[in-house]
There are 2 protein chains.
Amino acid sequence: MTDQAGRDREAVSKFVEGFAAQLVEAGMQRMPARVFAALLASDDGVLTSAELGEQLRISPAAVSGAVRYLSQTHMVSREREPGSRRERYRVHSDQWYEALTNREAILKRWAYALREGVENLGADTPAGRRLAETQAFFEFIDGEISLMMDRWRVHRDQVFGEGRRPAEDP
Amino acid sequence: MTDQAGRDREAVSKFVEGFAAQLVEAGMQRMPARVFAALLASDDGVLTSAELGEQLRISPAAVSGAVRYLSQTHMVSREREPGSRRERYRVHSDQWYEALTNREAILKRWAYALREGVENLGADTPAGRRLAETQAFFEFIDGEISLMMDRWRVHRDQVFGEGRRPAEDP
DNA sequence: CCTTAACTTCACAAATTTCTGAAAGAAGCG
DNA sequence: CGCTTCTTTCAGAAATTTGTGAAGTTAAGG
């Protein structure tokens, strides 16, 4: 029962494809999106490369590419069980949406490009002022996001209970 | 001087292409990104279709497509000066990043897909619980974002001064 | 060590996306 | 009203992206 055995494959697949489609809509590549959704919908949040390939009907190469992207962006972590050559990919509930909000790296680059623009166009020009305000916006957001995540953790512990966290890795 | 005349075209172009590249990196299509960056860097935040085409070296068709996307996502508004058949496209500083955070629509769709997943997989299964927590996260974020924008407006008025707003449309 | 099971990399074919020129469609202006 | 100027739509060429099979690489286990 800890495996796919007793589960409604139809329902899982429907969720996986539907949620992946939404992720794609938001700009994520197709394969990473599908792999990620599959992990989210798995019982333990862990699947092997072979399981992913079979469930999604994609080649090992596709799994490899998708997982590389997902681990680079810290949405999924890879583990290898000692004494096996199977690799296992895991989604940690907390870790992954922390990663999602770590578009911070992107915000930083935007802010940098804008600062350059202000310098080159002149801070006293209309365009320069517009860019400066935009830059200030991103810096503001950047700071707010980490505060928001702090509040989320408090909120989550209130709603879902605090004791559950260590149980996630059985 | 209110036109491109006295401006450093080189500097403008450098900013436009650099910032557009960052937007593309974050998932925006190329042409919308370039058009948007060009508007940001323009003196009045307003450019005509022809000006955009000339500055970016793209066809009228490309401008049309890019602008359609940008106005659908409320990042740019289109106006037609009465008595002219030239259309003008404007970026309102405030309006556009409000639009950016209005990924709310996306968050809503994600939350919906997740809720369906919880129902179909069962709220009492491990996967169901994971999905439920993720759903709760997005709902939390969704609420926080509008509060954050409120704080931003206060912050902005403190830093940039309050009186400047009506001056934006001379 | 050699074998074998697994993952990764690479070159290419297929599918998709992107941008253009050309034609069609609006809307001012005489 | 018809001419003219601008914008939009559309079909297709070009470029990019995507996913695969096959070869290459790593590491476990005899």
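Order of the sequence lines fixes the chain letters, A, B, ..., with proteins taken first and strands second; residue numbering starts at 1 for each chain.
Between Ser84(A) and Ala62(A), the one whose closest nucleotide on DNA chain D sits nearer the 5' end is Ala62(A).
Atom CE in Met31(A) sits roughly 16 Å away from atom P in dT8(C) (whole-Å rounding). Regarding Tyr69(A), its OH atom lies at a distance of 11 Å from the P atom of dT18(D), rounded to whole Å. Atoms CD (Glu25(B)) and P (dT17(D)) sit 11 Å apart, rounded to a whole Å. Regarding Glu81(B), its CD atom lies at a distance of 13 Å from the C1' atom of dG28(C), rounded to whole Å. Rounded to an integer number of Å, the gap from Leu56(B) CG to dT20(C) C1' is 15 Å. For Arg34(B) and dT18(C), the CZ to P distance is 14 Å, given to the nearest whole Å. The interatomic distance linking Met28(A) (CE) with dT17(D) (P) rounds to 18 Å, in whole Å. Glu54(A) places its CD atom 14 Å from the P atom of dA6(C), with the value rounded to the nearest Å.
For dT17(C), the OP1/OP2 oxygens have no side-chain nitrogen or oxygen of Gln29(B) closer than 4.0 Å.
Using the six-membered ring where Trp is involved, His155(A) and Trp152(A) have ring planes that are tilted, between 30° and 60° apart.
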Q: At under 4.0 Å between heavy atoms, which parts of nucleotides 6-15 of chain D does protein reach? Answer with one letter per nucleotide, 5' to 3': B base, S sugar-phosphate only, - none.
A: SSBB------
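Ion pairing between Glu144(B) and Arg151(A) holds under the 4.0 Å rule for side-chain N and carboxylate O. Using a cut-off of 4.0 Å between Lys/Arg side-chain N and Asp/Glu carboxylate O, Arg88(B) and Glu51(B) are scored as not salt-bridged.
A donor-acceptor pair shorter than 3.5 Å can be found between the side chains of Glu133(A) and Tyr97(B).
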Q: Apply the test salt bridge (Lys or Arg N to Asp or Glu O under 4.0 Å) to residues Arg86(A) and Glu79(A): give CA-CA distance (whole Å), side-chain angles for both, the deciding distance (0.1 Å), then the verdict.
A: CA-CA 9 Å; Arg86(A) 278 208 175 79; Glu79(A) 355 180 298; over 6 Å; no
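Screening residues 110-124 of chain B for salt bridge (Lys or Arg N to Asp or Glu O under 4.0 Å) gives Arg115(B)-Glu139(B) as the qualifying pairs, with residues at least two apart or on separate chains.
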